[in-house]
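Sending over a structure as structure tokens; questions will come in a sec.
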Amino acid sequence: MKTLKHARPTPPMVLSARTAADLMTPNPVSIHHGATVPEAAAFLAARGISAAPVIDEAGRPIGVVSRTDILQRQGQRAVYLVGSPEYYERLERPVFSEDGARDEAPNRVTVRDVMTPVVFCVGPETPAAKVVEKMLALEVRRLFVVDGAGVLIGVVSAIDVLRKLCI
């Protein structure tokens, strides 16, 4: 006769942070909204990150640009154009479409044109539990932490939360 062994219950995990400030990575890297898409792609690749906040002149977050944003909005066009000789000519001179409108060269498209223009923020004193609840409810991987003037001071990512979980 086989007997079922009762496994010991796993102790609950506890979040060892009290506020968003305790969870966040301070002074996150960010990209200015006027940067070009090639600059943003190089920025993300050089740092090995998947996304970065996009900021305005005052340092306030206005969106997020990710590798996926760049690939979805520019990748298909880039794959086609890079393989064609016209691509290199386009970089040298403006090209006009059939309707007479100027067609910008691919390296002139800015981060503002491809970013996701949605920003989810919390203040540094937001309770850590509320930060986690908000991330789960919004189904996002990161929340920005902003000061009273709306200036970016940190970011809380899913990995930041995991680092603060303990048994």
Side-chain angles (χ1 to χ4, degrees), residues 2-79 106-167:
K2 291 187 178 181
T3 329
L4 290 176
K5 293 183 182 180
H6 293 290
R8 283 192 238 165
T10 305
M13 297 187 87
V14 177
L15 192 58
S16 68
R18 291 181 46 243
T19 65
D22 297 334
L23 284 172
M24 74 179 190
T25 298
N27 305 314
V29 295
S30 58
I31 300 175
H32 186 268
H33 68 86
T36 66
V37 169
E39 290 169 339
F43 179 88
L44 296 175
R47 287 162 178 77
I49 56 177
S50 61
V54 178
I55 59 170
D56 64 11
E57 286 78 12
R60 292 183 300 261
I62 60 169
V64 178
V65 67
S66 69
R67 294 182 297 203
T68 303
D69 291 328
I70 293 169
L71 287 174
Q72 284 180 339
R73 308 226 175 108
Q74 296 298 308
Q76 187 64 27
R77 182 177 185 202
V79 168
N107 66 344
R108 301 278 185 232
V109 178
T110 66
V111 169
R112 181 174 225 138
D113 298 324
V114 301
M115 72 180 188
T116 301
V118 177
V119 180
F120 297 113
C121 299
V122 294
E125 295 305 317
T126 303
K130 293 286 182 195
V131 172
V132 173
E133 286 174 18
K134 189 170 184 174
M135 288 177 78
L136 293 172
L138 295 170
E139 298 181 6
V140 295
R141 295 183 182 122
R142 64 193 61 81
L143 289 176
F144 299 125
V145 182
V146 295
D147 65 14
V151 174
L152 181 67
I153 61 169
V155 64
V156 177
S157 67
I159 195 72
D160 292 322
V161 174
L162 290 175
R163 285 184 183 130
K164 295 292 184 171
L165 285 175
C166 53
I167 297 176

- [ ] Enter the distance from Met24:CE to Lys164:NZ here, rounded to the nearest 0.5 Å.
- [x]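 Met24 atom CE to Lys164 atom NZ measures 11.0 Å (nearest 0.5 Å).
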Task: OG1 on Thr36 to CD1 on Ile31, rounded to 0.5 Å - done: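 With rounding to 0.5 Å, CD1 (Ile31) is 10.0 Å from OG1 (Thr36).
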Task: Shortest non-hydrogen contact from Val151 toward Ala58 - done: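 Reported closest heavy-atom pair: CG2-O, 3.6 Å.
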- [ ] Identify the two heavy atoms, one from Cys166 and one from Ser16, that lie closest to each other, and give their separation to 0.1 Å.
- [x]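 Heavy-atom minimum between the residues: SG-CB, 3.9 Å.
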Open item on the list: Just to verify, which of Asp56, Val111, Ile55 counts as forming a side chain to side chain contact (heavy atoms under 4.5 Å, CB included) with His33?
Closed with: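 The passing option is Asp56.
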Open item on the list: Rounded at 0.5 Å granularity, tell me how far CZ in Arg141 sits from OG in Ser66.
Closed with: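 That separation rounds to 8.5 Å.
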TODO: Using a 4.5 Å cut-off on heavy atoms from C-beta on, say whether the side chain of Ile62 contacts that of Met115.
DONE: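 Answer yes - side chains close enough.
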Open item on the list: Give me the atom names and distance for the closest heavy-atom approach of Cys121 to Val119.
Closed with: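 The pair with the smallest heavy-atom distance is SG-CG1, 3.2 Å.
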Task: Sole candidate of Leu15, Val156, Asp22, Leu136 that passes side chain to side chain contact (heavy atoms under 4.5 Å, CB included) when paired with Val131 - done: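 Among the candidates, only Val156 passes.
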- [ ] Look up atom CG in Leu138 and atom CG in Leu143, then write down how far apart they are to the nearest 0.5 Å.
- [x]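 Spacing of CG (Leu138) from CG (Leu143) equals 6.5 Å.
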TODO: Measure the shortest side-chain to side-chain distance between Thr25 and Ser157 over non-hydrogen atoms and say whether it is less than 4.5 angstrom.
DONE: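 No, their side chains stay 4.5 Å or more apart.
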Task: Least distance between heavy atoms, Gly123 atom then Val145 atom - done: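 For Gly123 versus Val145, the nearest heavy atoms are C-CG1, 4.0 Å.
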- [ ] Report yes if some heavy atom in the side chain of Val161 is under 4.5 Å from a heavy atom in the side chain of Met135; otherwise report no.
- [x]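 Yes, at least one pair of side-chain atoms sits under 4.5 Å.
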For a quick test of your reading: what N or O donor-acceptor pairs under 3.5 Å do the side chains of residues 40-54 make, sequence neighbours left out?
residue	atom	partner	partner atom	Å
Arg47	NH1	Phe43	O	3.4

Task: Minimal non-hydrogen separation, Thr110 against Gly34, with atom names - done: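 Looking at all heavy atoms of both residues, the closest pair is CG2-O, 3.8 Å.
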